[in-house]
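Got a structure for you, written out below as structure tokens; questions coming shortly.
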2 protein chains.
Amino acid sequence: MTRKSPLQPPSLTEARSPARRITMETVGRMAGVSQVTVSRALSDPSKVSPETLSRIQEAIAATGFVPNALAGALASKKSMLISALVPSITNIVYSGMLATFSAELRARGYQILLSETGFDREDEAATVEAHLSRRPDAMLLTGVHHADRTRRMLLGAGVPVVEVWDITDTPIDLCVGFSHPEAGRAMADYARARGYRRAAFITAGDERALRRGAAFAGRFAQAGGEGPVPIRGDAPASLAGGRALTAALLDEGFAASDGALIAASSDVLAQGALIELAARGLAVPGRVAVMGFGDQEMAAALSPTLTTVRVNRDALGRAAAQALLTRIGGTAPERQVIDVGFALVERQSA
Amino acid sequence: MTRKSPLQPPSLTEARSPARRITMETVGRMAGVSQVTVSRALSDPSKVSPETLSRIQEAIAATGFVPNALAGALASKKSMLISALVPSITNIVYSGMLATFSAELRARGYQILLSETGFDREDEAATVEAHLSRRPDAMLLTGVHHADRTRRMLLGAGVPVVEVWDITDTPIDLCVGFSHPEAGRAMADYARARGYRRAAFITAGDERALRRGAAFAGRFAQAGGEGPVPIRGDAPASLAGGRALTAALLDEGFAASDGALIAASSDVLAQGALIELAARGLAVPGRVAVMGFGDQEMAAALSPTLTTVRVNRDALGRAAAQALLTRIGGTAPERQVIDVGFALVERQSA
DNA sequence: ATTGGCGATGTATGCGCAAACATTGATCCC
DNA sequence: GGGATCAATGTTTGCGCATACATCGCCAAT
């Protein structure tokens with residue numbers, strides 16, 4: 001309450017440092033209290049008397065003071081930062097999940113440190129290290145296959161981690177996703193049940209898509225389909241890629257007769273397939289059937305509408321956020337691994 | 001230091017156990033040097049003798065030490081953090097720009113703190129404050145219209161700022177974008193030049209889209225088209241939204257005769273319009289023409305292909321990153337405002 | 001009147017690092 | 001051979017805050 005007046009007029013120091021930093025100390029001085037009281041006024045106003053509080057708030061408004069969260073995090077060991085690593089933010093399947101994930105966390109005062117990792121494990125490891133250096137309170141990783149070093153760093157750091165978009169028995173910490181082989185098999189079973197005798201899988205290069213493709217191919221042949229099922233492609237998912245892969249298949253005589261189906265690792269590739277088939281005048285599904293993956297908005301709007309596999313991205317993002325929040329809170333989450341499943345959506349294209 | 005088998009999920013107790021914090025001090029002790037030498041070994045290895053360096057590196061490897069960037073930032077007043085605020089990450093126009101922006105910055109060692117702000121100014125102000133508390137080295141904002149408080153905070157903080165996706169004579173700091181009214185007028189001029197006599201604009205609710213719409217409507221009438229030009233919609237851009245808005249227009253008799261054009265604030269809405277028109281058997285562009293905005297990949301693949309306006313998202317993200325880097329570097333950028341322009345892409349739909 | 005408790009505030013400390021400055025020993029040049 | 005120089009390292013300090021603990025009045029219970 002009682003503070004000595006500074007021996008030297010503050011104007012001198014101010015004049016020497018024109019870019020004078022405003023800290024809780026400065027605010028406190030203006031309000032006639034100490035730095036701690038300012039800190040308390042911000043973190044728990046009830047601990048400060050109403051008069052003091054209002055003087056502090058005036059000082060904050062007058063100075064435009066914004067607390068330094070770096071210093072706060074260093075002192076408290078809580079950064080209120082959540083790190084998120086996704087392969088690509090331009091891909092709606094990841095950005096959709098991320099939007100829900102971050103909205104959920106932002107409501108609790110957390111902020112998101114985001115990086116794209118592509119599909120390279122070493123790249124991911126380097127990014128994980130960079131993120132860990134900011135001491136996030138938790139981390140989201142996409143996929144369950146990581147460099148050994150990544151796993152070691154994460155375990156060593158003791159940070160809550162959630163791996164999403166896949167399922168494993170050996171999560172680093174928490175895991176929210178679904179089984180890609182099962183999804184591939186479900187597509188194959190559906191295709192066989194509908195009577196398609198010949199199938200191909202066009203795919204992006206990412207590891208999860210390839211596992212769906214492998215499972216699809218295996219099951220399709222196992223269930224009486226013609227084998228081996230060709231698996232084509234490793235470029236990023238794009239319409240042009242889908243067209244090109246489809247064109248290549250057709251040029252090889254893949255759809256020489258009816259009963260053929262093209263399964264795609266994403267709706268975008270599937271749309272590319274539809275476009276190429278339309279361009280060639282091949283009826284879908286009469287001549288060639290098409291299945292997608294992801295159930296993007298356009299799937300239901302295409303002509304023909306696209307049979308695909310739905311993954312609830314919102315639920316996934318929300319579950320991931322909740323799991324981390326529980327973990328941060330200190331209580332053990334009910335389950336370490338949450339399978340959000342998927343659903344085959346039957347439409348016109350297959 | 002040594003951990004249990006990675007195949008075992010870490011128990012909660014293990015993860016929260018008082019893991020000795022490893023700091024430069026601990027690493028230094030192991031290597032027989034002081035904390036400062038460890039710091040130097042990491043920031044500029046040439047300042048440390050080769051033998052010392054290798055001992056330090058061994059100690060780092062043995063301990064799994066990851067430097068605390070919070071402490072580093074606090075001490076050096078450089079956070080190596082760039083804050084980015086976009087309306088929506090699920091919208092490809094923003095996420096595409098952001099991908100280039102962040103790739104460019106990551107190459108220089110910066111990381112991205114990301115938030116979605118929706119289209120609400122007060123929300124944005126709160127987010128800006130939260131971001132400023134982390135003392136980012138620079139900030140990216142979407143749009144040029146902000147709450148007064150936002151502007152004041154930013155100016156007060158003295159942080160390099162780049163506003164993107166729009167152009168203004170009075171940027172907070174830097175600005176990279178294009179003129180939305182001009183884009184709207186360019187669409188109107190094109191439509192008139194092609195002879196369309198009647199037009200409508202379907203739009204998402206965001207402020208920039210609305211300005212394009214207003215400029216389109218004004219110019220279309222001014223250039224001899226029938227006025228007033230209806231402007232419809234304020235929902236998020238979606239195929240379903242585009243269909244619904246188009247359906248409503250048609251139900252009102254908008255396209256009772258030939259020579260009508262529907263301009264959309266985004267390619268997605270335009271695609272919705274194409275779908276609705278196809279569903280009603282109305283020929284495009286014969287009966288109703290359609291223009292989009294954004295030139296997404298599907299624009300060239302739709303049937304009919306979509307006449308639209310291209311904005312170079314990569315160039316925009318890259319220019320924004322470069323401008324900030326220059327600014328952080330201390331040299332005044334050549335221009336405060338960079339107009340990246342746009343291009344009308346003529347295809348089949350109009 | 002004494003004691004204890006509580007509300008409101010203050011002081012001291014250290015989080016982990018980088019910057020500034022200090023120290024040591026060796027090399028070098030006229 | 002006596003500075004001068006330089007490479008390699010150490011010591012000190014403080015960034016801005018949160019935490020632990022101390023202090024000071026004041027009032028209720030004894």
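Reminder, nothing fancy here: chain letters follow the sequence lines and each chain counts from 1. All heavy atoms count here, side chains included; hydrogens, waters and symmetry mates do not.
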Can you list, by residue number, the residues of residues 67-82 of chain A that have a non-hydrogen atom closer than 4.0 angstrom to DNA chain C?
-> A:L74, A:A75, A:K77
Who pairs with B:R55 by salt bridge (Lys or Arg N to Asp or Glu O under 4.0 Å), at least two apart in sequence or on another chain?
-> none
Is a donor on one side and an acceptor on the other found under 3.5 Å between the side chain of B:T142 and the backbone of B:L85?
-> yes
Interatomic distance, A:R21 CZ vs D:dC17 P [rounded to whole Å] =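 It works out to 11 Å between those atoms.
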B:T150 side-chain N/O to B:H146 backbone N/O, donor-acceptor pair under 3.5 Å |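 No; zero donor-acceptor contacts below 3.5 Å.
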Crowding at CG, B:D169 (>12 non-hydrogen neighbours, <6.0 Å) | no
Side-chain (A:S79) to main-chain (A:R135) donor-acceptor, under 3.5 angstrom | yes
Salt bridge (Lys or Arg N to Asp or Glu O under 4.0 Å) partners of B:D173, counting only residues at least two apart =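 So B:D173 forms a salt bridge (Lys or Arg N to Asp or Glu O under 4.0 Å) with B:R327.
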Residues touching DNA chain C, which here means a heavy atom under 4.0 Å, drawn from residues 33-57 of chain B =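 When residues 33-57 of chain B is checked for heavy atoms under 4.0 Å from DNA chain C, the hits, listed by number, are B:Q35, B:V36, B:S39.
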Could you walk me through whether B:R106 and A:E116 pass the salt bridge (charged side-chain N to carboxylate O under 4.0 Å, His left out) test, one step at a time?
-> CA-CA 10 Å; B:R106 196 139 50 102; A:E116 280 187 289; 5.3 Å; no
Axial bend angle, the helix from C:dA1-D:dT30 to C:dC30-D:dG1: five-pair end segments, nearest 10° | 40°
Interatomic distance, A:E25 CD vs C:dA12 P [rounded to whole Å] |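 Rounding to the nearest Å, CD of A:E25 and P of C:dA12 are 13 Å apart.
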Look only at the side chain of A:D137 and the backbone of A:K78, and say whether a donor-acceptor pair between them is shorter than 3.5 Å.
-> no
With sequence neighbours excluded, what pairs up with B:R335 under the side chain to side chain donor-acceptor pair (under 3.5 Å) test?
->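 With sequence neighbours excluded, B:R335 shows a side chain to side chain donor-acceptor pair (under 3.5 Å) to no residue whatsoever.
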Between the main-chain N or O of A:A147 and the side-chain N or O of A:E122, is there a donor-acceptor pair closer than 3.5 Å?
->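 No, the answer is negative, given that no donor and acceptor are paired below the 3.5 Å cut-off.
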Rounded to the nearest angstrom, tell me the gap between atom CZ in A:R135 and atom P in D:dA18.
->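 Whole-Å distance recorded here is 19 Å.
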